[in-house]
Amino acid sequence: MKTLGHLINGNIDHSEGRTQDIFNPSTGEVGGQVRLASKSTVEEAIAAAEAAFPAWRNTPPIKRARVMFRFKQLLEEHADEIARLIGQEHGKICHDALGELQRGIENVEYACGAPELLKGEHSRNTGPGIDSWSEFQPLGVVAGITPFNFPAMVPLWMYPMAIACGNTFILKPSERDPTSTLFIAELLMEAGLPPGVMNVVNGDKEAVDTLLDDPRIQAVSFVGSTPIAEYIYGRAAANGKRCQALGGAKNHAIVMPDADMEYVANSLNGAAFGSSGERCMALSVAVAVGDDAADKLIAQMKQQMEGLKVGAYSNKDNDFGPLITGAHRDKVVGYIDSAEQQGAKVVVDGRNPQVAGGENGFFVGGTLIDGVTSDMTCYQEEIFGPVLLVMRAESMDAAMKLINDHEYGNGTCIYTRDGEAARYFSDHIQVGMVGINVPLPVPVAYHSFGGWKRSLFGDLSAYGPDAVRFYTRRKTITQRWPSAGLREGAQFAFPA
Ligand code: NAD
């Protein structure tokens, strides 16, 4: 059985130590093992990244960008292999894995624009004979810690831009599905990146805490659940590091009575159950305005959900695959049980799906729950499974209040034909990413991704223009070359 190592200074490292099983969630079988880096292994990676920094910092941005161009090409050439690796360990259906990879590649494309993005700002004659400019310098060694649900895309949100900006990088991927992540990092080395610029340490809390505490790490990007995001942000900030920590979500869709209900049900079907609901942008709550809208929505959803196919990643006909672990499947089923116990009605029940050949896999079928109220556990917490909750509100304002009162503020959407209502919604809703008849308003790579409230800790969002700012430090230089005519005596006050 294969044991996955680390990528340190351009080599695969197999330091002895603790290991963890990696499961194939479609079968429930152990498919391999991953090494869990000790403090000293992480320190070795940090030393390699620190040693690589001075030369990489001074490499012209256009040469750094050329590595990204080659990397993009290699990612495209190996797309099917990457999708298979994601499927084996995450369970994501091939076409969904290819979609995830495509979104990641778009971030590599954005990083190819580094020479343009790093140009800086220049002002001539800010005073007599004085010029002033700001340049954006790399930070040094920076780290990324990523979740299981996008093993290709989320790491690609981080390191292509960090590296294109001139930093060196240490990635700590999810220990639950690390193989595609490591494979992709090896492609970056093949693209011509010098050893030590990109390193991958597999591991758990021990590796993460080492990254958070080591003074050589200048900045930390984190994506994962909210309790861990809060912990990471607090510890990194206490250690004086720049940090952005993206957390969990509870994404609501408001369904207005004038919405095209067939379109709504169709798009909610994909947005709630795609990737088994294991997306931080999954729409997990539909708030229908008025009982009539709610009843029509339920009827349409029941019809649409009849065709849902849950099964193994390798069958392209399946709509979504298993959950990541047996423990997570049990947790999701527990939320459905609790909804029922607290008075909601399970309209479509995915607790015991029949999956031929997947009897030991971690499957839950698409589940629709009506009559959910804001005091229920299933509403208050992130379920992260193929479960759509339906709530009823008396008015659009009441629906918006529910969203604004929720602790998470990642994504949201309104379904309506009324432009005025949509404009009011996007203006006043307390959520970072908003869709108007668009269920998954994930920004493209040349915008930036980030929620509000307890969905993001830190000041800057992920990828896009915010990433250029996150991975660089502004330095402003003011210059004068004193010629005879401009010489002045000592000045003791700002010129008035
Ligand atoms: P997780 O928080 O369990 O793990 C994320 C990372 O943190 C992993 O690398 C893990 O090894 C590490 N980690 C876990 N426990 C730790 C601890 N005690 N100390 C230090 N490090 C620790 O998240 P997950 O289950 O892998 O991913 C799912 C979660 O991520 C969901 O909550 C989802 O909403 C969220 N997510 C958010 C976004 C976003 O952009 N906001 C994107 C993807 C996923």
Side-chain angles (χ1 to χ4, degrees), residues 18 20 22 25 34-37 39 42 89-90 92 100 103-104 107 143-158 170-178 181-182 200-213 220-236 243-251 275-284 323-325 327-329 331-332 335 362 381-385 407-412 431-433 440-443 448-458 460-464 466-467:
R18 293 182 300 130
Q20 180 172 313
I22 307 172
V34 59
R35 294 196 184 281
L36 303 177
K39 187 168 189 279
V42 177
E89 295 181 357
H90 175 285
K92 204 172 279 196
E100 148 170 15
R103 274 299 173 94
N107 286 277
I145 300 153
T146 51
F148 80 83
N149 65 323
F150 286 106
M153 182 185 77
V154 170
L156 290 171
W157 284 0
M158 300 177 181
I170 300 182
L171 176 68
K172 205 304 281 173
S174 171
E175 61 275 44
R176 291 185 255 176
D177 52 5
T181 319
L182 185 67
V200 181
V201 288
N202 283 305
D204 55 7
K205 186 170 169 52
E206 182 175 345
V208 172
D209 287 349
T210 306
L211 292 170
L212 294 176
D213 292 345
V220 176
S221 301
F222 171 87
V223 176
S225 61
T226 286
I228 307 299
E230 209 163 14
Y231 164 75
I232 300 273
Y233 186 78
R235 190 153 173 170
C243 183
Q244 56 180 187
L246 282 70
K250 195 79 177 177
N251 306 311
S275 204
S276 305
E278 288 176 324
R279 290 176 177 150
C280 69
M281 288 294 275
L283 269 183
S284 50
L323 292 164
I324 186 71
T325 56
H328 188 54
R329 178 209 38 217
K331 192 172 165 192
V332 170
Y335 279 120
F362 310 138
E381 297 177 14
E382 181 182 38
I383 298 179
F384 225 52
E407 63 169 332
Y408 294 121
N410 216 37
T412 189
V431 173
M433 292 171 282
L440 299 175
V442 178
S448 293
F449 181 109
W452 286 11
K453 297 186 276 183
R454 284 167 56 78
S455 292
L456 188 152
F457 302 88
L460 290 169
S461 295
Y463 68 74
D466 272 16

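These numbers come from the heavy atoms of this one structure, side chains and all, not from hydrogens, waters or symmetry mates. Whatever order the structure lists them in is the order used to number ligands and atoms, beginning at 1. Just so you know, residue 1 is the first one in the sequence shown, and it goes up from there.
A heavy-atom cutoff of 4.0 Å around ligand 1 is satisfied by the protein residues Ile145, Thr146, Pro147, Phe148, Asn149, Trp157, Lys172, Pro173, Ser174, Glu175, Arg176, Lys205, Val208, Phe222, Val223, Gly224, Ser225, Ile228, Tyr231, Leu246, Gly247, Gly248, Cys280, Glu382, Phe384, Asn410, Phe449.
Closest heavy-atom contact between Cys243 and Tyr233: O-CE1, 3.4 Å. In terms of heavy atoms, Glu100 sits closest to Asn149 at OE1-O, 4.2 Å. Heavy-atom minimum distance, Pro443 versus Met433: CD-SD, 3.4 Å.
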Go through the steps for Arg454 and Glu230 under the test salt bridge (Lys or Arg N to Asp or Glu O under 4.0 Å), then give the verdict. CA-CA 8 Å; Arg454 284 167 56 78; Glu230 209 163 14; 2.9 Å; yes
Verdict with supporting geometry, Asp213 and Arg235, side-chain contact (heavy atoms from CB on, under 4.5 Å): CA-CA 8 Å; Asp213 292 345; Arg235 190 153 173 170; 2.5 Å; yes
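When the shell of 6.0 Å around NZ of Lys453 is examined, it contains more than 12 heavy atoms from other residues, nucleotides or ligands.
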